[in-house]
There are 2 protein chains.
Amino acid sequence: MKKRVTLKQIATELDVSVSTVSKALRNSKEIGQDTKDKIQAFAKFYNYKPNSIAISLQNRKTKNIGVIIPEIVHHFFTTVVSGIEKVANEAGYNVIVCLSDESFDKEVINMETLANSSIDGFIISLSKDTQKRKDFHHLREAINQGMPLVMFDRVSDEIYCDKVIVDDAQGAYKAVKYLLDTGCKRIALISTTDYLSVGKLRTMGYKNALADFGIPFEENLIVKIDDINFCQEPIAELFEREKFDGVLSVNEIFAVSAMREAIQRGFKIPEDISFIGFTDGMLSKHFYPRLTTVNQHGLQMGEIAARMLINKLEELEDDENYHTEVLKTTIVERESTRPY
Amino acid sequence: MKKRVTLKQIATELDVSVSTVSKALRNSKEIGQDTKDKIQAFAKFYNYKPNSIAISLQNRKTKNIGVIIPEIVHHFFTTVVSGIEKVANEAGYNVIVCLSDESFDKEVINMETLANSSIDGFIISLSKDTQKRKDFHHLREAINQGMPLVMFDRVSDEIYCDKVIVDDAQGAYKAVKYLLDTGCKRIALISTTDYLSVGKLRTMGYKNALADFGIPFEENLIVKIDDINFCQEPIAELFEREKFDGVLSVNEIFAVSAMREAIQRGFKIPEDISFIGFTDGMLSKHFYPRLTTVNQHGLQMGEIAARMLINKLEELEDDENYHTEVLKTTIVERESTRPY
DNA sequence: TTTAAACACTCAACCGTTTTCGTAAAAACT
DNA sequence: AGTTTTTACGAAAACGGTTGAGTGTTTAAA
């Protein structure tokens with residue numbers, strides 16, 4: 001087990017000063033060519049690698065970016081992380097991932113530990129808990145300390161920073177329009193409880209589309225599910241209670257649960273009922289029938305978020321101009337809807 | 001924007017020395033009570049937090065652990081990361097996640113950048129590429145430099161370190177036994193190409209089970225799929241070519257693709273054909289019919305891996321005893337098989 | 001020949017902590 | 001009063017680098 005070599009060791013070994021070694025390795029013109037050659041050869045031989053901690057301490061940059069997400073066993077979030085990783089790595093940054101587990105407290109703790117000079121900036125998507133409480137002091141604090149911050153997907157209006165979101169309302173709108181255009185008359189919505197920004201926005205888009213196309217809105221056609229692990233029952237109730245020929249779901253799981261219910265009740269998909277979901281994940285791609293979905297472009301979202309953050313980190317004068325990038329959703333047509 | 005306070009600033013402000021401040025904040029008995037009170041109050045007021053970089057430099061510990069996985073948009077790996085995060089956080093460690101993208105080169109680069117004092121130890125699952133090449137010099141190097149290393153799931157015999165794996169062979173064995181016990185006579189296997197350790201092991205388990213139960217092994221009943229994105233065709237061929245009443249798949253996607261094929265061809269599941277898959281993810285839980293699977297206990301695997309690593313990091317004398325933890329798989333019974 | 005510039009390197013400060021050692025003053029003993 | 005022991009604090013080195021200013025030597029220009 002040979003430990004890493006340090007500048008000092010090279011210096012004593014070669015009988016020069018530490019600064020000479022440092023400069024030689026950075027190819028400074030202050031150092032004579034033969035000395036440089038000698039030092040560089042020696043360093044290469046002993047596989048010298050500068051200690052990144054020391055460098056971080058020196059220039060107060062860590063080249064780490066902190067990513068805080070509510071959950072990691074989750075298709076959308078991992079897609080975003082993928083995108084972040086990609087551009088971060090290309091720019092020489094490492095990604096430290098923390099999970100808030102949808103809890104406000106964990107989110108705060110994570111931010112605080114990371115903020116103690118572990119990272120140069122944050123990328124975060126808020127936990128449900130935080131969105132419910134509307135307590136954003138931890139974000140404000142980070143910003144106050146000059147720590148750049150980019151929010152994605154689950155964002156807050158109350159915080160002034162760079163953001164990347166998808167146009168959830170418009171995505172839902174497009175989905176409803178799609179269903180209508182392919183012949184649906186009565187469209188149900190399976191959504192989450194309202195405190196989640198995305199649930200609210202998608203519901204809005206649904207309502208707007210109905211309004212625009214002259215279809216009366218019926219509260220009864222909406223089912224709001226709180227716990228994703230118990231979605232079968234409320235969905236079954238919906239089928240019991242109402243007749244409809246189109247379903248928009250706020251996520252994949254609700255969508256396939258609804259399709260399961262439909263199949264069991266003898267409906268043909270998409271002939272009798274069409275389905276569209278959000279989140280273009282495994283389930284959408286592989287369910288039978290494959291699910292038409294509103295794609296949220298998670299990868300791109302991650303890439304943009306990372307790019308925004310890194311720009312802020314590397315610009316010389318810090319401008320206080322923040323900007324919200326709104327991604328357009330697209331509809332991925334598959335087997336659960338009639339062809340357009 | 002108020003920057004963080006440092007010991008030095010507190011010291012000059014309060015007209016004491018830096019060491020006094022440091023000691024006062026760590027509640028050293030060397031410092032008089034009133035001085036301590038004064039300093040602590042001041043520090044609290046200005047929200048002093050020690051700079052973790054400086055501390056890392058000092059004691060050559062970063063309290064970060066590096067996790068290298070092939071992919072992050074992947075149920076099993078994220079489950080493992082979840083487990084790692086959990087125990088790491090409890091022990092005060094941050095998790096730096098790097099993706100190898102199944103590429104040897106990226107794996108090497110990731111390890112090298114992390115090894116330059118960004119982390120205290122590694123947890124890694126090998127990329128396909130690395131397993132194919134059998135080049136493990138980067139792992140050896142890390143170990144040589146005294147960097148503890150824990151491997152999980154996709155491991156190598158050639159490296160001597162702590163490991164956590166599931167008993168893949170036995171999992172496949174149990175699955176085949178399950179199918180046999182519930183009345184299947186002819187069982188097909190949908191696997192990956194052989195260089196992947198897990199594919200090989202599961203195939204072995206399949207063969208062993210057949211042998212043990214006196215069933216002749218038929219090469220024709222195995223289909224090996226290379227690219228997960230083009231699995232439908234080879235599966236269709238299998239259905240064309242052979243008759244069988246049980247299918248074991250090496251992952252979820254192959255399993256549901258096979259079920260799709262079966263349904264389309266008018267087979268009833270599980271009456272005509274039973275299915276068992278590996279990886280207990282979204283698809284298994286929500287497909288219609290829900291898939292009986294071999295659970296690999298990813299969460300537990302992550303927890304154990306993290307615990308092993310942290311033990312190595314925190315033990316005083318480093319013992320060179322490494323140990324491989326083998327997790328037992330369990331079968332999660334659902335709708336794609338007949339009741340036991 | 002004098003003087004300045006170029007060269008090749010070293011010194012020392014600095015980043016923010018921790019920690020060992022030293023020491024003056026106060027307190028507790030002869 | 002003299003000696004030892006505490007108490008309370010400061011100086012400085014160390015962690016591993018970077019960097020600007022300084023210094024002695026060589027070389028080129030005046």
Side-chain angles (χ1 to χ4, degrees), chain A residues 2-40 42-43 46-64 113 115-120 145-146, chain B residues 2-40 42-43 46-64 92 113 115-120 145-147:
Chain A
K2 49 178 197 296
K3 281 278 170 214
R4 314 187 75 81
V5 233
T6 66
L7 285 192
K8 193 187 290 189
Q9 289 166 26
I10 299 185
T12 42
E13 210 66 39
L14 259 38
D15 215 57
V16 289
S17 78
V18 180
S19 38
T20 305
V21 179
S22 172
K23 284 171 182 162
L25 293 176
R26 330 191 84 230
N27 228 310
S28 157
K29 67 212 104 351
E30 282 184 74
I31 307 297
Q33 194 53 52
D34 28 356
T35 321
K36 280 204 276 194
D37 289 344
K38 187 179 60 176
I39 293 178
Q40 287 172 359
F42 190 93
Y46 283 102
N47 191 28
Y48 169 78
K49 294 277 161 46
N51 179 317
S52 54
I53 296 278
I55 294 179
S56 293
L57 181 58
Q58 174 84 307
N59 51 213
R60 268 145 304 183
K61 295 247 173 295
T62 63
K63 285 284 188 172
N64 286 157
T113 47
N116 292 330
S117 358
S118 300
I119 58 163
D120 297 340
Q145 286 178 4
Chain B
K2 48 176 197 292
K3 281 279 170 212
R4 312 187 76 81
V5 230
T6 67
L7 286 191
K8 193 188 289 192
Q9 288 166 26
I10 300 184
T12 42
E13 210 66 39
L14 258 39
D15 215 56
V16 289
S17 79
V18 183
S19 39
T20 305
V21 179
S22 173
K23 287 169 187 165
L25 293 176
R26 334 191 80 231
N27 228 311
S28 157
K29 66 212 111 346
E30 281 184 74
I31 306 297
Q33 193 53 54
D34 27 357
T35 321
K36 282 203 276 193
D37 290 345
K38 187 178 61 176
I39 292 177
Q40 288 172 359
F42 190 93
Y46 283 102
N47 191 29
Y48 168 79
K49 294 277 161 47
N51 179 318
S52 55
I53 296 277
I55 294 177
S56 293
L57 181 59
Q58 176 82 304
N59 53 212
R60 269 146 302 183
K61 293 248 173 295
T62 62
K63 284 283 187 175
N64 287 156
T113 46
N116 292 329
S117 357
S118 300
I119 58 164
D120 296 340
Q145 286 177 4
M147 179 81 74

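A note on names: the letters A, B, ... follow the listed sequences, proteins ahead of strands, and every chain is numbered from 1.
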By side chain to side chain contact (heavy atoms under 4.5 Å, CB included), B:Thr113 pairs with (sequence neighbours left out) A:Asn94

Report the nucleotide, chosen from D:dG16, D:dA8, C:dG16, that has the shortest atom-to-atom distance to any side-chain atom of B:Thr6.
C:dG16

Cut-off 3.5 Å, no hydrogens considered: what does the side-chain donor-acceptor table look like for residues 7-15 of chain B, sequence neighbours left out?
from: B:Thr12; atom 1: OG1; to: B:Lys8; atom 2: O; distance (Å): 3.1
from: B:Thr12; atom 1: OG1; to: B:Gln9; atom 2: O; distance (Å): 3.0

Round to the nearest Å and state the distance from B:Asn51 atom CG to C:dT18 atom C1'.
13 Å

Rounded to whole Å, please give me the gap between CD1 in A:Ile53 and P in C:dC14.
22 Å

For nucleotides 18-23 of chain D, read 5' to 3', which letter fits each nucleotide if B means a protein heavy atom sits under 4.0 Å from the base, S means only the sugar-phosphate is that close, and - means neither?
BBBB--

A:Thr62: which residues meet the side chain to side chain contact (heavy atoms under 4.5 Å, CB included) condition with it, sequence neighbours left out?
A:Ser56, A:Asn64, A:Asp120, B:Ile53

Nearest-angstrom distance from the residue atom NZ of B:Lys36 to C1' of D:dC9:
13 Å

Residue list, side chain to side chain contact (heavy atoms under 4.5 Å, CB included) with B:Lys36, at least two apart or on another chain:
B:Ala24, B:Asn27, B:Ile31, B:Gln33, B:Gln40

First locate atom CG of B:Leu57, then atom CD1 of A:Ile55, and finally report the distance between them rounded to the nearest 0.5 Å.
11.0 Å

Length of the line joining A:Ile39:CD1 and C:dA8:P, which is rounded to integer Å:
13 Å

Any side-chain N or O of A:Ser17 less than 4.0 Å from the OP1 or OP2 oxygen of C:dC11?
no

Tell me the interatomic distance from B:Gln33, atom CD, to D:dT7, atom C1', rounded to whole angstroms.
13 Å

At under 4.0 Å between heavy atoms, what does A:Ser117 touch on the DNA or RNA strands: base, sugar-phosphate, or nothing?
nothing

Taking only residues two or more places apart in sequence or in another chain, which ones pass ring pair (Phe, Tyr, Trp, His ring centres under 6.0 Å) with A:Phe42?
A:Tyr46

By the 4.0 Å heavy-atom rule, please label A:Lys49 as base, sugar-phosphate, or nothing.
sugar-phosphate

May I ask you to verify if any side-chain N or O of B:Lys29 is less than 4.0 angstrom from the OP1 or OP2 atom of D:dT6?
no

How many whole angstroms separate atom CG of B:Leu57 from atom C1' of D:dA14?
9 Å

Tell me the interatomic distance from B:Lys8, atom NZ, to C:dC14, atom C1', rounded to whole angstroms.
7 Å

Check step by step if side chain to side chain contact (heavy atoms under 4.5 Å, CB included) holds for B:Asn47 and B:Val5.
CA-CA 8 Å; B:Asn47 191 29; B:Val5 230; 5.9 Å; no

Without decimals, in angstroms, what is the distance between B:Arg60 CZ and D:dG17 P?
11 Å

